[in-house]
Amino acid sequence: MELSKNYLPTPIESKWYEHWLSNNYFASTPDNREPYTVVIPPPNVTGVLHMGHCLNNTIQDILIRRARMRGKNACWVPGTDHASIATEAKVVAMLRERGITKSSLSREEFLAYAWEWKEKYGGIILQQLRKIGCSLDWDRTSFTMDPDYYQSVIQVFNDLYKKGHIYRGKRMINWDVRAKTALSDEEVIFKEVQSKLYFINYDLEEGGSITIATVRPETILGDAAICVNPNDERYKHLHGKFAFVPLIKRKVKIIPDEYVTLDFGTGALKVTPAHDMNDYQLGQKYQLEIIDTMNDDGTMSQAAQLYIGEERFEVRKKIVADLTSAGHINKIEEYTNQVGFSERTDVVVEPRLSLQWWVSMKDLATPALSAVMNDEIHFHPAKFKNLYRHWMENIKDWCISRQLWWGHRIPAWYTLDGTFAVASNAEEALTQLKIATKNNELSLTDIRQDDDCLDTWFSSWLWPFEVFKGLSDPGNKEVNYYYPTNTLVTAPEIIFFWVARMIMAGFEFKQEQPFKDVYFTGIVRDKQGRKMSKSLGNSPDLLGLIDVYGADAVRFGIMIASPAGNDILFDESALEQGRNFNNKLWNALKLVKMWEARIATAEESAHSNFVTIADETEGFAINWFENRLNKVAKEVDDLLSQFKLNEALKTVYSLIWDDFCSWYLEWVKPGFEQPIDAAIYHKTVNYFERLMEILHPFMPFITEEIYHLLKDQNDDLCVKQFQPISTPNEVILHSGEILKQVITALRDARNKNQIKPKDLIQLYIQTPNSSSYQSIESILKKQINAHSISYTNSAVNNTILVNVEKDKFYIEAERQLDTVAMKAGLLKDLAYEQNFLVSVMKKLNNEKFVANAKPDVIVLERKKQSDAEARIKTIEESLQGI
RNA sequence: GGGAGCAUAGCUCAGUUGGUUUAGAGCAUCUGCCUUACAAGCAGAGGGUCCGCGGUUCGAACCCGUGUGCUCCCACCA
C-alpha cells in the first residue's frame, strides 16, 4: 500500500469516528468495573462551537479516553442547556425578522416557536463535537427541559419552598419603558454619556439649607431621606435633623451612613429607595418609605404629586426650570457617566423595584464550603479554593425568577387578590388556595400561574445527578452506579454561577458531592491577550481550522498552548505545530513500512556483516528505548493523574519526536538498501504501537490509523488497554544519555570546524574504559559519519579535540585545523568550569555551611567538586596538546 | 472601592518541602545541510540583573516585607 507524502486527516477522521460509533465504544452501561463519569458542561442550545468549547471538550475527551484505556467503565454524558435568556433573545430576533413581535403572541404560541427553533438549531453544537473526536455516550444526550428534568426542577423548587429556603422579596430590575418588560443584565448596554450634575438646595427644618448632587433631578419627588457620611465634619451637627424636598415640601430625615463618600458632590446624598439599587438598600436598613414615582411606561405616577402622566425626560427639563425659579439650584456641572440602554429598544433603562423569588443560601453553602476546603472535592489548580471560600463565606441570596417565557415556569399560583400557593401543579395549588382563602368555590379558572420562569442555573445545578434521573427516579441503578461523578471540567468564570451551586445541590438533594475533581481550564484569548468575542471578531472559525489542519492537530495545538490554570493565548502557529507532528508520525510510519518490505531472510541474517538484535550495538538501542519508553510512560501517567495535561502532552511529544524518531530510529536504521533484522523490526513495531497508545487520548484519529497500518490488528486502539509499565533500568538510561551527549558534542565540533555532513572522519577515543564505547561503536559511527573508530592512550596530533566528561575524542578530517578557535573554545569551557568550582568551594569552605547543611547536600557538593576538578584537568591536558 | 491572582529567554510556560540549577522546555531566531521517512524536515548554536528594593538563612527564582506593572471576579458610585 502506497502511503501519501503527507498525512491527510479529513477522510481518516470521519472513517474512524463512524467506526467507533458503529461499534458502540462510547456507550456505557453499569457493570462490575469501576465507573469513570464525566458530565459535559451543557453548552447553550444557541451555541456554535468556539475555541472555549474546543479546549474544554478536548480536555474531557482526553480524561475519558485515558480512563477507558485504563479499564474503567468510562461514561461521558452529553447534553445542552436551554439557556433561557440567550435562547429567548434568539427566538425574539427570529420572530422580528419574520415581522412578528413577542407581545402579539400568547405564551403558548411563543413557546411553540421557541421549541421549533430549538429542534432546528439546538443540536448543532453536539454534531460539531463529533468533529473534534469527542467520545460521548450519545444515547444519554440530555436537555435541561426534557420532561423528567423539567419535573425535577419543579420538585426542587417545591422542596426548597417547603424547607423555607425560598421566599419572595423585592429586587431592583432593569426596566424597558418602551417594551414594558424587564431586561436581563446581559441586555443592558452601558454607554458613556455627557450628563449634568445638578446641585440642589434642600431647606432645613431649623433654617438654612443642605445641598445634594444628582444627575436625575426628576427623582427627587421620590426622596425618602438625605444621607451623609458619619465622619463628615461638615454635617455632624445635622444628624437626625430634617430637611424639606423642594417643590413638594416632603419632610425627610438626615441620616448618617458609611455608604456615602466624602469627596463626591457635596458629600450629601438624596435617598430614593424606589429608583436606585443602593438607595433601596439604604431604605431597607433605615426602614424608609418607598415612593414609586414612575409608571411602567416611564411617565410620572400619582405618587410623584407633580408632573403626573408626563414623560421622565420632559419632566427633567421642567423640574430643573421650576427648581431654578424657586431658587433651589445651587449650580450645574458637566458630568460624564455610564448610563444603561436597552439592547432591544435603545431607550434608557429604568431601575425599578419588583417582587421576585429568592433562595436563601447560607444553609446550602455550609457543607459546600467545607467539602472544597477539606479537599473532599479537589480543585485543579488549587488556587481557586481561595476565591471559592471568599465567595461562599460572603454568599448573597440568589434571585431565581426571570421575566421570560422560555424556561421552567415558576410553580406558584395566585388568586386575584394576590394570595399564592407553591405546588407541583395547578390542581394541588387550587386545593391549597381553597384552604388559604377559605373559599371552596374557587376553581382553576380563578387562579393564575406565575408568568415568570426560573434562572437557567436553577436547572443546571441539578445536572450531575439529573442526567441519570437521580431525582425523577430516585435510587435507580444508573444514578447509584455513576454518581458521584469523577471530574468536572469547566471555566473558572462560572465557579459561582454553576460549580458552587452544583456542589450545594449535590449535598442538599443527593446528600453527596457531585464530583471528586474539578479541573478549571483557562480562558481562550487571542494572540494579543484579548478575550475572544463576537464584537472583536477575533474568534477563529473552528470548523474551518479543522478542515485545514485536522482535528488531531487542533486538539494538539490547543492543548500544547494551554498550561494548567492559565489562560491560553491562541495562535494558529500552534496548530501548525500539531500538523507538523502529524506528519512526523506519518513519516515514521512510512519508514517502518519500508522496513517491513525488507525484513531479512534467513540467508541474509546468516551473512557475516549483517547486524541483528543480538549485536551489542543494536541490542543497546533496543534496550535503551524500551527503558526510555517505560520511564516516560510513567512520567506521563503521573502528570495526567495530577491533571497536568499540557505537560503530559509535551512529554509524549518529545518522547516521540526526539527519543523515538531522532535517536532510536536512526540508531536501528539499516544501511542503504540493507535488509532489517526481523527481531529489530518487530520490536520497533511494538514500540510504535505503545507510543500510539500513550498518545491516543490526545490525538485519537491518527493514532488509531497508524495502529492499524502498522500491522493487522484484531482490536481497536480506542478500546485497547494500556500495556503495563515496567520499572526502567537507570544504568542503561544513563548510558543512553552519555551516548547522546557524545554524539552531540562531536557533531557540534564537525559543524564548528566546517566539516561537510558528507565528509567521513576518523575518530580516536582516549578513555579509561573503552569497553563502554565498544558496545555502541556502530551507532556512534553512523551518527557522526565516521569511517572508523579506534582507541588511543595519548593525544593524536593534527586532530580536532572534543572533551566529554573525563574522556577525550580526536577527530581526524581532511581539513585545515583552526587551532586558534579550538583553543578559544577550550579556554571558554575552562573558565566556566573554574567559576563553577569557585562557587562550589565557597560553600565547602564555609564552616557554617558544613555545620548546618544536610549531610547528603554536603556529599553532593563534594562530588561536584571532584567532578569539576576532573573536567578541569582534562581540559588543561588538552590545552597543552595544542 | 472590595477581593483574588500573576511577574523567569523575543513569545508561551516548567522549576515539587529553600541545596545535583552561575536556572530548563516548546515556539521563534541564527548557522550548515534538498543526507536513501520527513525542507511542514535534519544537524548544531546563541539567547536570562529569575520585575525593583530591603530582610530571614550557611545558602533564595522559591520564604517574609515593601514598591512597581499587569490580569480577573464582585460592586459600581449619587
Side-chain angles (χ1 to χ4, degrees), chain A residues 3 5-7 190 197 212-216 219 227 259-261 264-266 268-272 276-279 335 337-338 383-384 386-391 394 396 492-493 495-496 523 525 527 529 531 560-569 571 573-574 576-577 579-595 642 644 646-647 650-651 653-654 661-662 665-666 669 671-673 743-745 747-752 754-758 783 785 832 835-836 838-840 842-843 846-854 856-861 863-864 867:
Chain A
L3 295 174
K5 181 172 185 301
N6 285 332
Y7 175 65
F190 282 91
L197 190 60
I212 60 91
T214 180
V215 289
R216 300 197 57 193
T219 63
C227 193
Y259 169 71
V260 182
T261 11
F264 186 89
T266 60
L269 170 78
K270 73 187 207 59
V271 184
T272 322
D276 183 283
M277 191 60 196
N278 294 303
D279 290 12
Y335 183 61
N337 64 342
Q338 302 267 44
K383 69 180 178 187
F384 288 112
N386 270 339
L387 196 69
Y388 179 84
R389 188 189 64 217
H390 186 259
W391 192 75
N394 299 289
K396 300 210 174 73
E493 28 191 15
I495 185 167
F496 309 129
I523 297 165
R525 300 170 178 283
K527 219 173 158 180
K531 236 168 148 166
I560 206 79
S562 177
N566 280 319
D567 288 354
I568 98 157
L569 299 187
D571 184 351
S573 71
E576 275 174 39
Q577 201 189 341
R579 178 198 57 189
N580 297 351
F581 187 37
N582 275 336
N583 275 332
K584 189 70 186 176
L585 292 167
W586 191 246
N587 280 302
L589 174 73
K590 280 179 10 195
L591 178 65
V592 174
K593 294 313 276 185
M594 279 174 59
W595 294 352
Q642 297 165 59
K644 294 182 176 174
N646 141 285
E647 279 180 69
K650 281 181 180 174
T651 308
Y653 174 78
S654 151
C661 293
S662 298
L665 287 179
E666 295 297 336
K669 191 192 248 180
F672 184 48
E673 294 195 334
I743 291 169
T744 303
R747 282 170 170 173
D748 185 30
R750 287 185 59 123
N751 251 333
K752 289 216 166 92
Q754 292 159 338
I755 298 171
K756 293 267 176 245
K758 279 182 187 161
Q783 294 281 279
N785 201 19
Y832 178 91
N835 281 334
F836 178 72
V838 166
S839 78
V840 173
K842 230 185 247 172
K843 288 187 203 174
N846 182 334
E847 279 171 35
K848 284 183 181 169
F849 170 76
V850 179
N852 292 317
K854 278 178 279 179
D856 46 332
V857 173
I858 296 170
V859 170
L860 208 68
E861 292 298 322
K863 182 164 190 314
K864 278 194 207 169
D867 287 352

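Residue numbers begin at 1 in each chain, while the letters A, B, ... track the order of the sequences.
Among the heavy atoms of the strands lying under 4.0 Å from A/N6 is at least one base atom, whether or not backbone atoms are also near. The residue A/C661 sits close to a base: some heavy atom pair falls under 4.0 Å.
Shown here are the side chain to side chain donor-acceptor pair (under 3.5 Å) partners of A/T744, two or more places apart in sequence or in another chain: there are none.
Annotation: of the two residues near RNA chain B, A/D567 and A/K758, the 5′-most nearest-nucleotide partner is A/D567. Where A/W595 and A/R389 meet RNA chain B, the nucleotide closest to each residue was compared, and A/R389 sits on the side nearer the 5' end.
Comparing B/rA14, B/rU71, B/rU12 against the side chain of A/L569 picks out B/rU12 as the nearest. Distance from the side chain of A/K5 is smallest to B/rA39 among B/rA39, B/rC58, B/rA37. Set against B/rC77, B/rA37, B/rA45, the side chain of A/Y259 has B/rC77 as its closest nucleotide. Out of B/rG44, B/rA78, B/rG41, the shortest distance to the side chain of A/T744 is found at B/rG44. The nucleotide whose nearest atom lies closest to any side-chain atom of A/E666 is, among B/rC13, B/rA39, B/rA37, B/rA37. Side-chain proximity of A/L269 to the nucleotides B/rA78, B/rG32, B/rG5 is greatest for B/rA78. Which of B/rA37, B/rA43, B/rA78 sits closest to the side chain of A/N751 comes down to B/rA43. For A/E647, the listed nucleotide lying nearest its side chain is B/rA14; candidates were B/rC33, B/rA14, B/rA40.
Looking at A/K864 and A/F836, their side chains come closer than 4.5 Å, going by heavy atoms from C-beta outward. Under the 4.5 Å side-chain criterion, counting only non-hydrogen atoms from C-beta, A/I495 is in contact with A/Y388.
Salt-bridge annotation for A/K650 and A/E647: absent, with no side-chain N of the basic residue lying under 4.0 Å from a carboxylate O of the acidic one.
Distances shorter than 4.0 Å separate some side-chain N or O of A/N278 from OP1 or OP2 on B/rC76. Phosphate proximity of B/rA37 to A/K669: present, with a side-chain N or O under 4.0 Å from OP1 or OP2. Listed pair A/Y7 / B/rA40 fails the phosphate criterion, with no side-chain N or O lying under 4.0 Å from OP1 or OP2. Contact between the side-chain N/O atoms of A/K752 and the OP1/OP2 oxygens of B/rG44 is not found at any separation under 4.0 Å.
Secondary-structure stems of RNA chain B, taken as three or more successive Watson-Crick or G-U wobble pairs (i with j, i+1 with j-1) under a 3.5 Å distance threshold, comprise B:1-7 with B:68-74, B:10-13 with B:24-27, B:29-33 with B:41-45, B:51-55 with B:63-67.
You'll find a donor-acceptor pair under 3.5 Å spanning the side chain of A/N583 and the base of B/rA40, going by distance alone. Residue side chain A/K584 reaches the base of B/rC38 through a donor-acceptor N/O pair under 3.5 Å, judged by distance alone. Under 3.5 Å, the side chain of A/R747 and the base of B/rA43 form no donor-acceptor pair of N or O atoms.
Between the CZ atom of A/R579 and the C1' atom of B/rC38 there is a distance of 13 Å, rounded to whole Å. Atom pair A/I523:CD1 and B/rC6:P shows a separation of 15 Å (rounding to whole Å applied). To the nearest angstrom, P of B/rG5 lies 17 Å from OH of A/Y388.
Rounded to the nearest Å, the gap between the P atom of B/rC51 and that of B/rA9 is 8 Å. Using P as the reference atom, B/rG67 and B/rA75 are 28 Å apart when rounded to the nearest Å. The same atom, C1', is picked in B/rA23 and in B/rC13; the two are 14 Å apart, to the nearest Å. Nucleotides B/rU12 and B/rC72, compared at atom P, are 15 Å apart to the nearest Å.
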Base-contact (B) and sugar-phosphate-only (S) positions in nucleotides 17-29 of chain B, heavy-atom cut-off under 4.0 Å, - elsewhere
--BB-B---SS--
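Side-chain polar atoms of A/K590 and A/N587 form a donor-acceptor pair below 3.5 angstrom.
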